[in-house]
Structure formats: C-alpha cells, structure tokens
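What follows is a short report on a single structure.
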Amino acid sequence: MMVLTNTLCVLPKQLRLGNILRFISTCSKKLNDGSYMATERPPLPIMTSRKIEFPNPYIAPKQAWLENLDTVNSEKLGIVDLHPDIFGVAPRIDMLHRNVKWQQLYKYINYDWEPTRAEVRGGGRKMWPQKKTGRHRAGSNRAPQWRGGGKAMAERGPYSKYYMLSEADRINGLCIALSVKYAQNDLHIVDSLEIPTDESEYLEELIDTRYWGFSALFVDDTDIMPENIALAASDIGQFNLMPVYGLNVYSILKHNTLVLTLAAVDKIEKKLLERLHSPFLHSSKKGKRPS
Amino acid sequence: MSAVWRGLTYCRQVACRIAFQNTTSVPCKQLESNLLNVQSSCLSVTSVRNKVYIPADKFENPSPFKPLGPSKHGFNPKLFDGGRLPRGLAEPLKNKKKYKPKNRWSRNRAMFGQNDCIDILGDHNIHPSELIKSPAWLRGFNGNEMQRLIRRLNTEGYKIKQLYPTQYHDMWKRIMYLYKKYNRKRGFKHR
C-alpha cells in the first residue's frame with residue numbers, strides 16, 4: 001500500500017489519485033431496474049495515509065474515511081490523514097463569532113437617506129410675525145417638527161460598515177470551523193463529486209441514508225462542477241456546491257454537513273499551511289490589500 | 001355570559017339542596033349532571049371579578065350557611081368576565097397579517113458569504129473588498145458623513161456638477177455645515 005501511495009506522489013498531475021478516481025467513477029451507469037451499477041475500482045483500500053506538508057512533530061495527524069458518492073450507501077475506500085493544525089484546532093467559538101460578524105458587516109451597505117431642513121425646497125419665509133399672534137415662534141415651515149419639513153438626525157446617504165478582520169483571525173476561523181465540523185463527525189471526504197444520475201432524488205436519498213442531516217455543502221477544488229451533481233443540487237436549496245476559493249466560515253457553519261473532495265482537501269491544506277508558515281502573515285495586521 | 005353562569009350556579013345549588021334534603025340513593029353529582037346536563041369542561045371556567053362559582057367537586061354537600069342563590073343578584077358588571085383573552089369571537093381578526101416564514105435556503109441566503117476568504121484560499125490576486133456590491137466610491141470604505149461626501153465628490157463630482165447642479169450645491173453646503181459641526185461640537189465625528 002505504501003508503495004502505491006509513494007508512486008502516486010511521483011506521478012504527473014494528470015495521473016494523480018483524484019483524477020484517476022474521477023475518471024473511474026464516471027463509468028457508473030443506471031440499470032433498467034432502477035439500481036446503479038457498481039463501479040470498477042482498484043483493490044481497496046485505495047489509500048491508508050496521505051503526505052502532509054509541514055507536519056506537526058507533537059500531534060499525530062487526524063484521520064478520516066475516504067468515501068464515495070456514486071452509490072447511495074457509503075463505501076469506505078480508504079483512510080485519509082489530515083493536518084492537525086487545520087482539522088484539529090481547539091474550538092474557539094469567540095473566533096467563529098468574530099468571523100461571522102465580520103462577514104455580515106464588511107459588505108453591509110445601507111441606502112437609507114432623508115433630507116435635512118436645508119435640503120427641502122422652500123421654507124425661507126417667516127410664517128407669521130414673532131409677536132402678537134398668540135402662536136408659536138415659527139421661522140420656517142421646513143423645521144423638523146413641521147409636516148413636510150426636514151428630518152433631524154436622519155440616516156444620511158449610502159454608508160457602509162466596512163472593516164477588515166485581520167488575516168490571522170480569518171485563517172484561524174477557517175481552521176476552527178473545519179476542526180469543529182471534523183470533531184462533530186460532520187466532515188466527509190469523498191473521492192469525487194461524480195454521481196450516476198442528474199436526479200435530485202438520488203442526492204436526497206444518499207444524504208438520508210447516510211444521516212448527513214438537512215443540508216450539505218459540497219466543495220471541490222475547481223469551479224467547474226460535474227454536470228450530474230450540479231443538476232441534481234440545483235433544485236434543492238439546502239444542497240450547495242462551492243469551489244475551494246469560495247469556502248468561508250459562515251457557509252461551513254450554515255450547512256449541517258461539509259463534503260470535501262480529496263483534491264479540495266489538498267488545496268485547502270496547501271493554502272492554509274502556506275499562510276500559517278509564511279513570514280509575512282502578521283506583517284499586514286489589518287488584512288488590508290497590499291498596494 | 002356571566003349571567004348564564006350565574007343562572008347555572010343557581011340551578012345547581014337548588015338541585016344540590018333538594019338532593020341533600022331528600023337523601024336519595026342517587027349521588028349528588030350524578031343528579032346534578034342529569035338535571036343540568038352540563039359538560040365538565042364548561043364548569044372549569046372561573047370568574048375572577050365576581051366570585052360566584054365554587055367547583056362542583058370541592059364540597060360534597062353545599063354549606064347550609066351560605067345563602068341560597070347567586071350573590072349580587074341583579075348586578076350587571078358590564079365587563080367581559082370570560083377569561084384572560086377575548087375569546088369566543090365569531091370570526092378571526094381580518095387585519096392580522098398572516099405569518100409568512102422566509103425561505104432561509106433561497107439562492108442568495110444559501111450562498112451568503114461565498115468568496116469572503118478568497119484572498120486566503122484563492123490565487124492571491126483578488127481581495128474580498130473588491131467584490132462588495134455598492135457604489136464605487138463606497139467600496140471598502142468606512143467613514144463619517146463628511147468623509148463620504150468628499151470621497152463621492154472626488155470620484156463623481158464633475159458628473160454631479162453638470163447633471164444635478166442643485167445636488168452638487170447641497171452636497172457642498174452639507175460639507176461646510178459638517179466641517180463646522182465636527183470641529184466645534186463633540187460626539188458626531190463617528191456617525
């Protein structure tokens with residue numbers, strides 16, 4: 001087994017494990033009696049370990065099953081090693097809250113606008129003399145207490161609540177969200193997102209039989225998704241597809257189950273570890289865009 | 001309604017008194033139910049304001065010292081006495097808005113937050129602040145009203161001046177006003 005994995009690491013990118021599995025799983029077909037033909041697979045387990053960059057010398061790697069999506073019932077294809085600094089972080093809920101709050105606020109734009117007494121037309125004339133009328137001292141009929149007058153202390157124009165959470169916090173938030181999903185058994189790693197049909201019933205049945213909860217987020221490393229799963233998930237609001245670059249704390253927490261492909265795991269780990277071990281991580285403290 | 005209950009109470013007391021005097025083999029409760037044919041759920045309603053009702057099962061026999069008939073006979077309280085809420089309306093309220101839950105998994109809500117970490121997980125060539133849907137002069141900018149106005153004038157002031165001269169005038173007027181306000185008063189700068 002070790003020999004197999006070692007050779008695969010040496011192979012060029014087109015012949016990597018994920019791509020081979022993707023090709024194989026496209027072979028599954030629907031039979032006349034409604035069931036799905038079992039796919040041809042290499043002898044199981046496909047893999048029992050995974051090469052981890054920047055290994056933590058003090059914590060053993062976390063392990064997860066490698067599953068499939070081309071049958072309704074889950075088949076355990078192998079075991080995947082996950083980096084403990086990304087999938088095994090202490091669950092800091094305050095950090096999750098900080099991330100979610102930032103996501104809601106940084107792109108919030110309020111378009112409410114009310115004119116002031118200076119901007120309402122008219123109102124230059126004194127309504128009645130200052131004295132001897134017995135009425136109040138009115139100087140303008142556009143004062144805020146008048147009907148048709150301006151508004152005092154109003155919402156002024158489009159304003160944003162933009163602020164940038166520090167990059168360290170956002171990376172930490174992503175790691176914590178992934179760790180929380182892993183610890184709660186809501187993180188599933190699959191070989192590919194290929195499913196045999198484009199019917200949404202198949203996806204619903206799969207998620208029901210595997211007890212994956214109400215909603216699921218499928219993440220792949222590319223933004224061009226397999227046609228079948230894209231069509232199957234398009235009818236159902238709670239089953240969503242996302243590329244790795246779209247992944248965020250809010251979506252991870254909103255969906256009950258997070259389904260990552262093996263390629264997506266590779267990419268997430270690579271991107272996060274690259275940032276965690278970068279000497280420039282804390283240089284831009286506010287996470288601002290380098291000019 | 002309270003008049004009905006009072007009448008029922010009266011009848012029940014009379015019935016119980018007769019049953020007690022006769023000391024027949026039929027139990028009081030059974031006789032009572034036979035005479036009045038009243039459901040037990042109806043009898044559970046208690047009047048708070050005028051205490052005229054004693055539950056049927058509280059005493060085996062009614063007190064001989066209690067005067068016969070309802071207290072305050074002939075007094076019309078004129079207030080609704082049927083419970084805590086105005087129940088018993090023939091039709092439900094028409095002006096009440098129907099509860100309509102939002103679809104929490106509509107396309108926008110389901111994918112809320114997508115690409116917020118694109119500078120970390122992407123190819124480092126794009127920043128989430130560039131993807132905010134807003135006027136260009138407000139994108140990735142958080143300032144007070146004067147700063148916003150100045151920024152807007154800097155970016156599209158020439159256009160506003162030609163197309164909407166009144167608005168241009170008002171904006172400048174507002175900037176001058178706010179400049180004085182922020183520098184001479186306290187507590188407005190960060191609004």
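In what follows, chains carry the letters A, B, and so on, assigned in the order in which the sequence lines appear, proteins first and then strands, with residues in each chain numbered from 1.
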**Request:** Let me know if A:I109 has heavy atoms under 4.5 Å from chain B in its side chain, its backbone, both or neither.
**Result:** side chain
**Item:** Nearest-0.5 Å distance that lies between atom CG in B:L121 and atom CD1 in A:I171
**Value:** 8.5 Å
**Message:** Using every non-hydrogen atom in the two residues, find where B:A110 and A:G237 come nearest and quote the distance to one decimal.
**Reply:** CB-O, 3.8 Å
**Message:** To check you understand the geometry: which heavy-atom pair defines the closest contact between B:H127 and A:Y162, and what is its length?
**Reply:** CE1-OH, 4.2 Å
**Prompt:** Can you say whether A:E274 sits under 4.5 Å from chain B via the side chain, the backbone, both, or neither, judging by heavy atoms?
**Reply:** side chain
**Message:** Is A:K254 close to chain B through its backbone or its side chain, or both, or neither, when contacts mean heavy atoms under 4.5 Å?
**Reply:** both
**Message:** Working note: A:L174 + B:C117, criterion side chain to side chain contact (heavy atoms under 4.5 Å, CB included); need CA distance, chi angles, decisive distance, verdict.
**Reply:** CA-CA 9 Å; A:L174 277 171; B:C117 293; 4.0 Å; yes
**Prompt:** More than 12 heavy atoms of other residues, nucleotides or ligands under 6.0 Å from CD of B:Q167: is that the case?
**Reply:** yes
**Request:** With a 4.5 angstrom heavy-atom cut-off, could you sort out which part of A:L241 is near chain B: side chain, backbone, both or neither?
**Result:** backbone
**Message:** Quick check on A:Y111 against chain B: is it the side chain, the backbone, both or neither that has a heavy atom closer than 4.5 Å?
**Reply:** side chain
**Asked** Any side-chain heavy atom of B:S129 sitting closer than 4.5 Å to one from A:Y163?
**Response** no
**Asked** Got A:Y106 and B:I132 here, is their nearest side-chain heavy-atom distance under 4.5 Å?
**Response** yes
**Segment of B:R139 engaging chain A (4.5 angstrom heavy-atom cut-off)** = neither
**Prompt:** Is B:W172 atom CH2 crowded by more than 12 heavy atoms from other residues, nucleotides or ligands, each under 6.0 Å away?
**Reply:** no
**Closest approach of A:R156 to B:E145 (non-hydrogen atoms, all atoms of both residues)** = NE-OE2, 2.9 Å
**Asked** So, are B:D116 and A:R170 salt-bridged, with charged N and O less than 4.0 Å apart?
**Response** no
**Request:** Against chain A, label B:Y177 side chain, backbone, both or neither, depending on which of its atoms sit under 4.5 Å from a heavy atom there.
**Result:** neither
**Request:** Go through B:N103, B:L131, B:L149, B:I118 and name the one with the most non-hydrogen pairs under 4.5 angstrom from chain A.
**Result:** B:I118
**Asked** With only heavy atoms counted, which part of A:I236 is less than 4.5 Å from chain B, the side chain, the backbone, both or neither?
**Response** neither
**Asked** If we only count heavy atoms from C-beta on, is the B:I120 to A:Y245 side-chain gap below 4.5 Å?
**Response** no
**Item:** Leading residue by heavy atom contact count with chain B [cutoff under 4.5 Å; candidates A:H255, A:Q104, A:K267]
**Value:** A:H255
**Asked** What distance separates B:N144 CG from A:Y159 OH, expressed to the nearest 0.5 Å?
**Response** 13.5 Å
**Prompt:** Top residue by heavy-atom pair count (under 4.5 Å) with chain A, among B:Q114, B:H169, B:K173?
**Reply:** B:Q114
**Item:** Residues A:K271, B:D119: salt bridge by 4.0 Å N-O rule
**Value:** no
**Prompt:** Which residues in residues 152-164 of chain B have any heavy atom lying under 4.5 Å from a heavy atom of chain A?
**Reply:** none
**Item:** Among the listed options B:S106, B:P135, B:P128, the residue most often paired with chain A at heavy-atom distances under 4.5 Å
**Value:** B:P128
**Request:** Report yes if the side chains of A:E119 and B:M171 come closer than 4.5 Å at any heavy-atom pair, otherwise no.
**Result:** no
**Asked** Between B:F112 and A:Y250, is the ring centre distance below 6.0 Å?
**Response** yes
**Fill in**
Whatever's closer than 4.5 Å to a heavy atom in chain B on A:F214 counts as side chain
**Asked** Highest number of heavy-atom pairs under 4.5 Å with chain A: which of B:R109, B:R107, B:M111?
**Response** B:M111
